[in-house]
Amino acid sequence: MATETLPYLTSTLLDRLEISTKDMVDEIERQISGQRRGEVWCAPKAVVLPGDDRYIMATLGVSSEPPVLATKSLVVNPGNAQRGLPTLNSLITLLDAETGLPLALVDGNWVTEKRTAALSAVAARRMARPDASSLAFIGCGVQARGHLEAFADLFPLREIRAYGRGAANRDALCDMARARGLEAIPCEEPRQALEGADMVVTSVTLVPRPTPFLDATWLKPGSFAVMTDQALPWLPETMTRFDRIIVDDLEQEKNMAKPMIDPAMAAGDLTGLVCGDFAGRQSAQETTAFVFRGLAVGDLAVAGLVYGRTKGVGV
């Protein structure tokens, strides 16, 4: 494809595709299994920290089917709020994996929201109780909204509890839940949100680095926690509360300067979970957690999926 005709897949266009949560989760699982079969290749994420509160990151993944190469470049800058811009902005470039010719540019913010929630859902399918009906949020921004959508599609939710630093985001998340027929409880303290919840999603902003304030002993037996924020807001000394913790990628963790959790606490990673190397949950009373930085295979799977769907509608 000539670069002058390179399509840009906007969030508005991607929303119109109406791709289901199940389809995204299934595609991520397929590509994760492809890694084990030697049909998908992903590099550990690269991170640059300039020292001025910016968090700059890139991912790289290649698949055999569809034959695409996906790279994502992302910048998180808290200072964007003063500019009237989103804190996080990103772009995904898709190339033909055989020829290297460009295929499309994809709205990275849309993919990041969807793939993060879908990665959590991959873990939740195996680590949460299937009858989980209450979901607590610590952090009520974009990732919370994405997780609400995904988890409401996959679990028999009846209630959410929301705690966040900004009342506007918290109230918007509660309004979104009520629009889906769920009870929504805004919380003034994090413990109020966590206690008694069947599932928990924490998505606290990484910059500036948060001071730990969440106590895992507040969780009830049988609950499942998703930590999209590298477990940074959790008090490390309380993490032994969990019966089983998995991370997104053990090899990626080995390349990171600072592990998200004590490596000895990790029962495995997402590939091992999906491929059946170990059980995500062994009893109804186990308290489990999924801690992750983000995986290139998630960006690859969702970006490749939406590109294929756009070709089907003639974009």
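- Summarising the geometry of P102 relative to L95, their closest heavy-atom pair is CA-CD2, 3.6 Å, with the distance given to 0.1 Å.
- A salt bridge links E188 to R170: at least one charged side-chain nitrogen sits closer than 4.0 Å to a carboxylate oxygen.
- When each of R158, R129, K220 is tested with D198 by the rule side chain to side chain donor-acceptor pair (under 3.5 Å), just one qualifies, namely K220.
- Shown here for L232 and R209, the closest heavy-atom pair between the two residues is CD2-NH2, 3.1 Å.
- M127 and I28 fall within a single hydrophobic cluster, where Ile, Leu, Val, Met, Phe, Trp and Tyr are joined by side-chain heavy atoms under 4.5 Å apart, directly or via other members.
- Side-chain atoms of S120 and H147 form a donor-acceptor pair, as typed in the model, at a separation below 3.5 Å.
- A donor-acceptor contact shorter than 3.5 Å is absent between the side chain of R161 and the backbone of C187.
- There is no side-chain donor-acceptor pair under 3.5 Å between R36 and T271.
- A search for ring-ring contact (aromatic ring centres under 6.0 Å, His included) contacts involving F155 returns F151, not counting sequence neighbours.
- Checked by atom type, the side-chain pair T10/D107 shows no donor-acceptor distance below 3.5 Å.
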Starting from the C-alpha separation in whole Å, work towards a yes-or-no answer on salt bridge (Lys or Arg N to Asp or Glu O under 4.0 Å) for D153 and R180. CA-CA 10 Å; D153 287 343; R180 296 193 67 134; 2.7 Å; yes
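- In terms of heavy-atom proximity, R125 sits nearest to K22 at NH2-CG, 3.8 Å.
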